[in-house]
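Written below as structure tokens is the structure these notes are about.
All chains are named by letter (A, B, ...) in the order of the sequence lines, taking the proteins before the strands, and each is independently numbered beginning at 1.
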Number of protein chains: 2
Amino acid sequence: MSASPSATVTSVPPAQLAAWRAFLEAHAHTMELLARELRDEEDLPLAFYDVLVQLHEADGHRLRMQELAERVLLSKSGLTRLIDRMERQHLVHRTACPSDRRGTFAELTPQGLETLRRTAPTHLRGVREHFAALVSDEEAELLATVLGRVATAAQEAASAR
Amino acid sequence: MSASPSATVTSVPPAQLAAWRAFLEAHAHTMELLARELRDEEDLPLAFYDVLVQLHEADGHRLRMQELAERVLLSKSGLTRLIDRMERQHLVHRTACPSDRRGTFAELTPQGLETLRRTAPTHLRGVREHFAALVSDEEAELLATVLGRVATAAQEAASAR
DNA sequence: GCGAGACAGTTGCGCACGCAACCCTTTCTG
DNA sequence: CAGAAAGGGTTGCGTGCGCAACTGTCTCGC
């Protein structure tokens with residue numbers, strides 16, 4: 001037995017496997033859809049939007065690069081380039097950190113805030129339409145619990161290596 | 001990725017918003033982890049693995065490019081390059097389709113099959129450890145239902161544009 | 001049967017990302 | 001209070017992806 005690679009001892013139970021595949025498909029398709037809607041209708045990359053939101057939610061509309069990278073789920077270098085591009089369009093700007101001269105803040109500009117205000121309805125409509133509307137309150141709570149558990153575990157496993 | 005800059009009309013209910021954020025974080029962190037494990041331990045890109053699995057599951061261990069692109073959640077051009085790279089490493093090879101001269105099959109090579117056999121345990125252990133083990137059977141069934149619903153809707157919305 | 005689309009796959013191009021090496025600053029340690 | 005180690009951010013480099021335009025093939029209406 002165990003001729004097929006998926007029939008090895010270390011296999012995944014069917015219910016969990018189905019969940020895993022649905023998880024991957026849901027992510028790929030919704031993200032593609034949301035990214036395209038935002039790009040086509042507002043000419044804004046989804047990554048830009050994410051940065052704008054995170055900065056808007058932060059104290060003083062600014063965050064350290066490190067902290068921001070974690071919040072937008074990007075590597076340090078990835079965020080450096082992303083902020084480069086956004087700075088070129090005057091959506092954010094860099095500020096030196098007075099208390100730690102290694103540090104840099106990324107800060108929302110008025111134009112960045114304006115852009116967020118303009119584009120938020122499109123994105124939020126997308127999230128509502130393509131996700132929230134398809135999930136009941138009970139389902140949403142369970143999703144948050146289970147996926148939060150998965151997220152936390154993966155995060156810890158990644159940092160503990 | 002989400003949350004409103006202020007309370008706009010088109011906002012997302014809190015439970016669904018929490019689910020959405022957990023969904024994004026879970027995906028980012030687990031994928032990063034699984035990709036790194038496969039790369040570090042087996043020196044295989046996750047995208048390669050995905051292709052190997054899809055071809056292995058297919059009739060005759062081969063699929064049309066189009067069909068394969070859909071299964072591995074990639075654009076046509078993305079798949080072309082991916083198969084280019086895999087062909088260079090002799091994991092797959094292209095075959096002309098006799099009945100439709102526009103068509104091309106990507107087919108698993110013996111070496112591709114061998115690679116799949118070698119690497120599957122690592123990946124499956126990762127999926128079990130970082131996902132399946134954290135989700136009960138009931139939770140898995142609900143995840144599959146809800147996320148499958150979301151995936152299907154997004155897919156239809158994308159194709160119907 | 002022939003011309004207009006539709007369809008399958010590839011290619012040019014630009015964008016975006018991660019890794020590892022690097023510089024500068026801070027903190028720890030003896 | 002030196003020197004080593006750790007931390008914050010950027011840069012060089014290679015990889016990987018999507019979009020749009022293109023080539024070659026098929027299909028359908030007339």
Side-chain angles (χ1 to χ4, degrees), chain A residues 27-29 31-40 43-51 62-89 92-107 158-159 161, chain B residues 1 27-29 31-40 43-51 62-89 91-107 158-159 161:
Chain A
H27 184 271
H29 291 136
M31 291 308 279
E32 186 195 336
L33 192 54
L34 290 175
R36 185 166 50 204
E37 287 179 353
L38 202 58
R39 216 176 55 70
D40 288 356
D43 195 34
L44 190 77
L46 187 50
F48 279 28
Y49 182 84
D50 201 2
V51 166
R62 61 180 198 173
L63 281 173
R64 291 288 292 268
M65 294 294 282
Q66 178 84 322
E67 175 68 21
L68 182 55
E70 284 165 22
R71 297 206 190 182
V72 298
L73 307 170
L74 227 58
S75 70
K76 287 188 304 172
S77 69
L79 183 68
T80 295
R81 317 307 173 103
L82 178 54
I83 295 300
D84 285 350
R85 296 193 295 275
M86 294 185 70
E87 211 170 14
R88 253 177 259 137
Q89 302 194 18
V92 300
H93 68 104
R94 287 178 165 88
T95 309
C97 173
S99 63
D100 183 341
R101 290 197 320 215
R102 294 169 302 184
T104 308
F105 285 106
E107 185 172 346
S159 63
R161 83 204 172 81
Chain B
M1 208 141 329
H27 185 271
H29 292 136
M31 291 308 280
E32 185 195 337
L33 193 53
L34 290 174
R36 185 165 53 204
E37 286 178 354
L38 202 59
R39 217 177 54 72
D40 289 355
D43 196 33
L44 191 78
L46 187 50
F48 279 29
Y49 182 84
D50 202 1
V51 167
R62 61 180 198 171
L63 282 173
R64 291 287 292 269
M65 294 293 282
Q66 177 84 325
E67 176 67 21
L68 183 53
E70 282 165 22
R71 297 206 191 181
V72 300
L73 307 171
L74 227 58
S75 71
K76 288 189 303 174
S77 69
L79 182 68
T80 293
R81 317 307 173 102
L82 179 53
I83 294 300
D84 286 349
R85 297 193 294 275
M86 294 185 71
E87 213 171 13
R88 254 177 259 138
Q89 303 193 17
L91 299 174
V92 300
H93 70 103
R94 286 180 165 88
T95 308
C97 172
S99 64
D100 185 341
R101 290 197 321 219
R102 292 170 303 183
T104 307
F105 286 107
E107 184 172 348
S159 63
R161 84 205 172 76

Open item on the list: A side-chain contact here means heavy atoms from C-beta on lying under 4.5 Å apart; do A:Leu46 and A:Met31 qualify?
Closed with: yes

TODO: With rounding to the nearest 0.5 Å, note down the distance linking CG in B:Asp43 to CZ in B:Phe48.
DONE: 10.0 Å

TODO: Give, for atom CZ of A:Arg81 and atom CG of A:Leu74, the distance between the pair rounded to the nearest 0.5 Å.
DONE: 11.5 Å

Open item on the list: Output the rounded distance in Å from CZ (A:Arg101) to P (C:dT26).
Closed with: 5 Å

Open item on the list: Nearest whole Å is fine: how far is D:dG18 P from B:Glu70 CD?
Closed with: 13 Å

Open item on the list: If I take atom CG from residue B:Leu82 and atom CG from residue B:Leu68, how far apart are they, to the nearest 0.5 angstrom?
Closed with: 8.0 Å

- [ ] May I have the distance from B:Met86 (atom CE) to D:dG16 (atom C1'), rounded to whole angstrom?
- [x] 14 Å

Hey, what are the protein-to-nucleotides 9-19 of chain C N/O distances that come in under 3.5 Å?
residue: C:dG9; atom: OP1; partner: B:Arg64; partner atom: NE; Å: 3.1
residue: C:dG9; atom: OP1; partner: B:Met65; partner atom: N; Å: 3.3
residue: C:dG9; atom: OP1; partner: B:Thr104; partner atom: N; Å: 3.0
residue: C:dG9; atom: OP1; partner: B:Thr104; partner atom: O; Å: 2.9
residue: C:dG9; atom: OP2; partner: B:Gln66; partner atom: N; Å: 2.7
residue: C:dG9; atom: N7; partner: B:Lys76; partner atom: NZ; Å: 3.0
residue: C:dG9; atom: O6; partner: B:Lys76; partner atom: NZ; Å: 3.4
residue: C:dT10; atom: OP1; partner: B:Arg94; partner atom: NE; Å: 2.7
residue: C:dT10; atom: OP1; partner: B:Arg94; partner atom: NH2; Å: 3.4
residue: C:dT10; atom: OP2; partner: B:Thr80; partner atom: OG1; Å: 3.0
residue: C:dG12; atom: N7; partner: B:Arg81; partner atom: NH2; Å: 3.2
residue: C:dG12; atom: O6; partner: B:Arg81; partner atom: NH2; Å: 2.6
residue: C:dA16; atom: OP2; partner: A:Arg85; partner atom: NE; Å: 2.7
residue: C:dA16; atom: O5'; partner: A:Arg85; partner atom: NH2; Å: 3.4
residue: C:dC17; atom: OP2; partner: A:Arg85; partner atom: NH2; Å: 2.8
residue: C:dG18; atom: OP2; partner: A:Ser75; partner atom: N; Å: 3.1
residue: C:dG18; atom: OP2; partner: A:Ser75; partner atom: OG; Å: 2.5
residue: C:dG18; atom: N7; partner: A:Ser77; partner atom: OG; Å: 3.3
residue: C:dC19; atom: N4; partner: A:Ser77; partner atom: OG; Å: 2.8

Open item on the list: In this structure, how many angstroms lie between the P atom of D:dG18 and the CG atom of A:Leu34, rounded?
Closed with: 16 Å

Open item on the list: When you compare the side chain of A:Asp84 with that of A:Arg94, does any pair of heavy atoms fall below 4.5 Å?
Closed with: yes

Open item on the list: For the NE2 atom of B:His93 and the CD atom of B:Glu87, what is their distance to the nearest 0.5 Å?
Closed with: 8.0 Å

